[in-house]
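The structure appears right after this line, and notes come after that.
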Amino acid sequence: MQPNDGFKTRLIGPAEQIADRIRQYHEVGVDLILAAFLHYEDELPRFGETVIPLVRRERAKARTELWSSNGVLA
């Protein structure tokens, strides 16, 4: 993935690094990220197959931890 010339999201690198960066943005209140792909026919499916599942897994884990700490999952 390539950075754009405007807002630099630093969403470049291995899937785990990109997913972690998305998590960090979410923690500070960002709920929408616009991404661009130089070779979108190859990169967009790979993003969906590798990064998105990692982000979803981390968000589910965070929700479970929050619920557990609040006694919801006793």
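The basis for the numbers below is simple: all heavy atoms, side chains too, and nothing from hydrogens, waters or symmetry mates.
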What pairs meet the side chain to side chain donor-acceptor pair (under 3.5 Å) rule with one or both residues in residues 29-40, with sequence neighbours excluded? none
Separation between CD1 (I33) and CD1 (I22), nearest 0.5 Å, reads 5.0 Å
Keeping to residues at least two apart or across chains, list the side chain to side chain donor-acceptor pair (under 3.5 Å) pairs with something in residues 11-24. D20-R23, D20-Q24, R21-Q24, R23-E27
E49: which residues meet the salt bridge (charged side-chain N to carboxylate O under 4.0 Å, His left out) condition with it, sequence neighbours left out? none
N/O donor to acceptor pairs below 3.5 angstrom from side-chain atoms of residues 50-59, sequence neighbours left out:
unit_1: T50; atom_1: OG1; unit_2: R46; atom_2: O; d: 2.6
unit_1: R59; atom_1: NH2; unit_2: H26; atom_2: NE2; d: 3.3

